[in-house]
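Have a look at the structure below before the remarks.
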Amino acid sequence: MTRPFRMADLSWTDYRDRLAEEDPVVLVPVGAIEQHGPHLPLATDCLIPEAVCGACASRGGRLLAPSITYGYKSLPRCGGGQHFCGTTSVDAATLINQVKDMVREFARHGVSKLAFVVGHMENTWFVNEACDLALREARMLGLKAPRIMTVGYWEFLGEDTIRAAFGDTFPDWSLEHAGIMETSVMLHLHPSLVTMDRLRPHPPAKLPLWDMWPYDERLVPADGVLATAIGASAEKGRLFYDEYVATLSGALDTAFAEPAD
Ligand SMILES: [Zn+2]
């Protein structure tokens, strides 16, 4: 029988004992409910980091905490924007406060190693801000703060894998929204949630190097796919996923190695 690795499945006493005896890294996926083209589910940015974190937890004696499901707003240049039905977002202050509160709560129960694994690029700076504020607050109150890692799971794809999967056509991570990587990983993890025959070929989004408020919705492809997902496959998805799990596991070991003091 595999050991439970989901925090939410443990009783409070088992959770308490596990923290006290093993001091495990606790992983928190930070996703979004956001359009991902007509072919992927709204929860794509939750489902992928949840699976990657779950594998890192079950294999490494770590714990997977429940995700933060709603994320910061979708920006046109990396997520298509807020004008798509279903993109259900929170203000930055809401996300910051939620993450900050969670750091405090985990710390209060004795978690000393915490990792926020971001699945939605727009969350990144606000999760970092929340960690900084949480540590500042802990210092002011004289409380012991956890060490916290923040990272975007997509960062863990090596150049060789990118070249093998995309050839010379890798668009850039900001345009890889509902594109080949996310679609392939979803085909590997949740094939019943992917509808490939809804994809229509169109060139990658040509968005300016700046942001405008209000932004011009006409610059964003109408289907919400910023760079084509045609060519995505479950085989590529397995390759990406396995690399994410292996490299994130290694990164967690490195990041939380005992400090040399
Ligand atoms: Zn996404």
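Indexing begins at 1, ligand by ligand and atom by atom, following the structure's order.
Side-chain contact check for Q82 and S74: no donor-acceptor pair (N or O, by modelled atom type) lies under 3.5 Å. Between the side chains of D45 and H36, at least one donor N or O lies within less than 3.5 Å of an accepting N or O.
Below the 2.8 Å limit, the Zn ion (ligand 1) has as protein N, O or S neighbours H36 NE2, D45 OD1, E182 OE2.
Between K100 and F126, the closest side-chain pair of non-hydrogen atoms is not below 4.5 Å.
A centroid separation of 6.0 Å or more is found between the aromatic rings of F240 and H188. Ring pair Y244/F156: centre-to-centre distance not below 6.0 Å.
Between E22 and R3, at least one side-chain N (NZ, or NE/NH1/NH2) sits under 4.0 Å from a carboxylate O, which counts as a salt bridge.
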